[in-house]
Amino acid sequence: MTTGREWWRTAVIYQIYPRSFADADGDGIGDLKGITSRLPALAELGVDAVWLSPFFLSPQRDAGYDVADYTRVDPLFGTMRDFDQLLEAAHALDLRVIVDMVPNHTSSDHKWFREALASPPRSAERDRYIFRDGKGPGGDRPPNNWQSVFGGSMWDRLTGEDGLPEQWYLHIFDSSQPDLNWENPWVRERFKDVLRFWLDRGVDGFRVDVAHGMIKQAGLPDYRPPKSGASMGGEADDPPYWGQDGVHEIWREWHELLAEYPGDRVLCAEAWVGPLTKMALWVRPDEMHQAFNFDYMFAGWSAKDQRRVIDESIAAFSAVGAPATWVLSNHDVIRHASRLALGADSPQGDGIGPTSKGKPDPVVGLRRARAASALMLALPGGAYLYQGEELGLPEVIELPDAARQDPTWFRTKGEKYGRDGCRVPIPWEASAPAYGFSPTGAAWLPQPEEWAVYARDRQEGVTGSTLALYEDALRLRRTRRLGAGAVEWLPEFARSSTVVAFSNRDVTVVANLGMRSVTLPEGRVLLESAPTTIGANGKRMLPADATAWLG
Ligand code: NOJ
């Protein structure tokens with residue numbers, strides 16, 4: 001654990017997706033006890049904190065991002081006692097614990113929504129959510145033309161007890177995820193109670209889901225997106241449901257609330273807003289502490305794009321006194337061991353499946369992923385890892401249609417594969433049932449037959465394995481204090497079309513994104529994502545799609 005004040009400024013935070021991390025009870029869905037049993041492996045890996053995706057009471061229509069009670073553990077994942085034990089075990093291992101807060105919407109099973117449905121239009125209960133009358137004769141048309149991120153309209157219509165059509169309610173995501181009305185002080189107060197509940201239990205902070213969606217433009221005007229369907233945001237102009245200024249007041253209130261607690265608790269925004277200078281407004285000193293850097297995640301695999309996004313990130317975040325953050329994968333995007341080998345755009349949520357055009361080459365993908373991760377872990381600031389990337393896991397492309405569970409798949413009628421391919425339970429032991437994920441061999445999404453090679457036990461202590469690369473990078477990052485360092489571009493490569501090269505403290509980092517080997521500067525190799533060689537000129541060479549650290 002990074003000690004001292006503001007530990008998060010340099011921390012590496014590991015995302016656990018509870019359904020797919022470790023299953024102790026053998027039902028095929030990961031759980032809290034499973035996580036606790038595997039925490040020592042994460043401490044060995046060398047991360048500072050874990051972020052847990054939602055494990056709260058939920059009908060699981062969006063894998064737990066549809067919360068029916070924010071202060072209860074879903075029996076699928078265990079009990080509150082299991083959570084307390086997890087927290088205690090993590091803290092004993094010097095790992096901090098961040099939980100996921102989902103304030104933009106609840107599940108339609110939430111008591112607040114059920115009470116709203118049972119109350120008349122324009123009642124206080126309805127005002128907790130975004131209910132509107134429809135347009136046109138009989139109110140038959142939705143209140144506006146907004147399209148759900150998961151496909152289809154953002155509005156669903158109620159049917160009254162008399163069987164007649166009634167008001168409409170807004171849901172940016174699935175119809176089972178009604179949006180809350182954050183203009184309503186009642187909603188704000190309830191969430192403060194929820195935050196206190198978890199802070200009192202001892203959590204170290206919150207990752208805030210859809211933090212850019214909570215305030216909608218007054219009047220809910222129609223919006224025509226640049227391409228068909230909705231996206232998670234980040235386009236040049238913000239739609240009326242993303243990135244509205246009103247959200248900042250909420251973060252200031254949350255910031256103050258966290259500051260009442262000892263121990264540097266942290267807020268991290270999931271906010272798909274662009275450009276980075278706008279994103280940085282979210283992490284001003286009295287707002288959130290961190291925000292995911294999605295511009296970095298989706299930067300092209302070219303020296304120019306990488307240098308640009310690194311420069312822009314550091315400039316934008318440091319202008320407001322916040323650390324830059326870096327992230328390459330999460331539970332919503334194609335794993336970077338596949339994404340980096342895809343030529344075309346691969347937007348959040350689209351996914352990739354058996355009939356997708358242009359499949360990624362797994363060898364190229366893994367080489368690039370290792371090079372990208374080695375580059376990322378040398379950068380100053382905070383970094384986020386997604387479970388399984390330390391094993392080099394690729395996206396699972398060949399999932400049978402019948403196994404798919406992402407609402408995106410259903411709401412787009414199979415047009416978008418969605419996110420199941422990055423959520424397949426991870427392999428721990430090559431020869432155990434479900435590769436050690438669950439004692440019975442059950443897994444909620446089928447694991448590919450060829451995954452034994454990625455199992456953790458196959459990589460432990462193996463020089464050159466992806467796991468060893470991450471362990472070495474994390475150890476060096478810590479001992480050389482790279483998280484608190486600075487990027488200084490090496491002048492000889494500053495305009496290179498293939499090489500990204502900088503020094504951070506006493507470490508020189510060289511990434512070769514081109515097709516040919518390049519000569520490395522002088523220095524002892526501390527880390528290499530692919531074997532360096534000695535060239536005909538007697539100098540050390542870095543192969544294509546590889547990163548080396550010298551010192
Ligand atoms: C972002 C989460 O990361 C994603 O998994 C979820 O579907 C949406 N928010 C809705 O909560």
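All ligand and atom numbering here is 1-based and tracks the order in the structure.
A centroid separation of less than 6.0 Å is found between the aromatic rings of W409 and Y417.
Contact atoms of ligand 1 toward H105: 10 (C), 11 (O) (distance under 4.0 Å to a heavy atom of the residue). Every atom of ligand 1 with a heavy atom of F150 under 4.0 Å away is listed here by number and element: 7 (O). Ligand 1 places these atoms under 4.0 Å from at least one heavy atom of R423: 5 (O). Shown in contact with V210 at under 4.0 Å from a heavy atom are these atoms of ligand 1, numbered in order with element: 9 (N). Ligand-side atoms of ligand 1 in range of H331: 2 (C), 3 (O), 4 (C), 5 (O), range being under 4.0 angstrom from any heavy atom. Of all atoms in ligand 1, numbered sequentially from 1 with element shown, those under 4.0 Å from a heavy atom of R419 are 4 (C), 5 (O), 6 (C), 7 (O).
No more than 12 heavy atoms of other residues, nucleotides or ligands shown are found within 6.0 angstrom of CD on E256. More than 12 heavy-atom neighbours from other residues, nucleotides or ligands sit within 6.0 angstrom of CD on E115.
A heavy-atom separation below 4.0 Å is not found between R61 and ligand 1. At least one heavy atom of R207 sits less than 4.0 Å from an atom of ligand 1.
The salt bridge (Lys or Arg N to Asp or Glu O under 4.0 Å) test applied to E125 returns no partner, not counting sequence neighbours.
Contacts between W272 and ligand 1, counted as non-hydrogen atom pairs separated by less than 4.0 Å, are absent for every part of the residue. Of the heavy atoms in Q15, none comes closer than 4.0 Å to ligand 1.
When atom types are taken as modelled, the side chain of Y470 and the backbone of G46 share no donor-acceptor pair closer than 3.5 angstrom.
Among L32, V50, L52, L42, the one residue that satisfies the side chain to side chain contact (heavy atoms under 4.5 Å, CB included) test with F21 is L42.
For E189 and R128, the salt-bridge test fails: no basic side-chain N is under 4.0 Å from an acidic carboxylate O.
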